[in-house]
Each structure stands twice: as structure tokens, then as C-alpha cells.
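Reviewing the structure listed below.
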Amino acid sequence: MEEPVSHLRAQLGSKEKEAGDAELDSKVHLQTNDARGFQLAVELNVKLPSVDDEQAAELVRITHTVCPYSNATRGNIEVTLTANGNPVI
């Protein structure tokens, strides 16, 4: 999934960091809801080996804020984010 990684690289560039080693593992889940229907949930696990954990979490948080996919689905699906293996809140 190249698009979210390119959004992340744009954020890293604005902070003068290198994102050449950025990795994104994404998973989409189909869950049942209270109305006996279905809804989507997404997990985005970002690895930034060259960035410390605190800054990685901040970059993932910022990227999630500006990403057009995130903006289009915000409030419609459950999204779980991690940066370097740590939850992003």
C-alpha cells in the first residue's frame, strides 16, 4: 500500500528526517455490528526504524490527520494505529 507510506514520507520530509526504511503493514477486518450487519475495521502498523518511538508515534498521528483516506473514513470505521510496535493514541 504505497499511498499512506508516501503521505508519511511527506510528513517526515517536513521534519527533515529520512523515511527510506519506512514499512506499513495494513489489515482490514470485517466485523459484525449490533444491527447484525457488517462494518470495517483497519489496523495500520507503521515501522520507522530510523526514528525514535516517540517521534514515530507523533509522525503517524500527524499523517493520520492529513491523509485523504483517513479523512474520508474518519468516524465511519474503527482504525487502530501503531508506530514501531507501540499504540498511537
Side-chain angles (χ1 to χ4, degrees):
M1 186 179 275
E2 185 59 31
E3 283 297 317
V5 171
S6 65
H7 298 301
L8 179 64
R9 286 189 175 123
Q11 292 305 312
L12 284 164
S14 70
K15 296 200 178 280
E16 299 178 18
K17 291 285 183 179
E18 179 58 47
D21 58 354
E23 294 180 31
L24 173 67
D25 177 43
S26 59
K27 295 178 181 150
V28 177
H29 304 278
L30 187 61
Q31 302 174 329
T32 56
N33 61 24
D34 294 337
R36 300 177 78 178
F38 296 95
Q39 62 191 40
L40 295 175
V42 175
E43 288 180 55
L44 298 173
N45 302 301
V46 181
K47 293 180 186 172
L48 295 164
S50 62
V51 179
D52 70 63
D53 292 349
E54 188 175 313
Q55 188 167 23
E58 178 185 351
L59 290 166
V60 169
R61 194 177 303 108
I62 290 168
T63 301
H64 183 55
T65 302
V66 300
C67 174
Y69 296 109
S70 295
N71 289 331
T73 61
R74 193 170 327 284
N76 296 317
I77 65 173
E78 179 184 329
V79 178
T80 303
L81 302 170
T82 64
N84 292 348
N86 302 306
V88 174
I89 300 171

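Expressed to the nearest 0.5 Å, how far CG of Leu44 lies from OG of Ser70 amounts to 7.0 Å. Taken to the nearest 0.5 Å, the CG atom of Asp52 stands 9.5 Å off from the CD atom of Glu58.
Residue pairs satisfying the salt bridge (charged side-chain N to carboxylate O under 4.0 Å, His left out) criterion with at least one member in residues 24-33, sequence neighbours excluded, are listed as follows: Asp25-Lys27.
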N/O donor-acceptor pairs under 3.5 Å from side chains in residues 80-89, not counting sequence neighbours:
| from | atom 1 | to | atom 2 | distance (Å) |
| --- | --- | --- | --- | --- |
| Thr82 | OG1 | Asn45 | OD1 | 2.7 |
| Asn84 | OD1 | Leu48 | N | 2.7 |
| Asn84 | ND2 | Leu48 | O | 3.4 |
| Asn84 | ND2 | Val51 | O | 3.1 |
| Asn84 | ND2 | Asp53 | OD1 | 3.1 |
| Asn86 | ND2 | Asp53 | OD2 | 3.3 |

Evaluation steps, side chain to side chain contact (heavy atoms under 4.5 Å, CB included), between Asn33 and Phe38: CA-CA 6 Å; Asn33 61 24; Phe38 296 95; 5.9 Å; no
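Scored by the side-chain hydrogen bond (donor to acceptor under 3.5 Å, both in side chains) test, Asp34 finds no partners at all (sequence neighbours excluded). Residues passing the side-chain hydrogen bond (donor to acceptor under 3.5 Å, both in side chains) test with Arg61, sequence neighbours excluded: none. Under the side-chain hydrogen bond (donor to acceptor under 3.5 Å, both in side chains) criterion, Glu43 pairs with His29, not counting sequence neighbours. Every residue two or more places apart in sequence or in another chain that forms a side-chain contact (heavy atoms from CB on, under 4.5 Å) with Leu40 is listed here: Val28, Leu30, Ile77.
The neighbour count for Gln39 CD, taken as heavy atoms of other residues, nucleotides or ligands under 6.0 Å away, is above 12.
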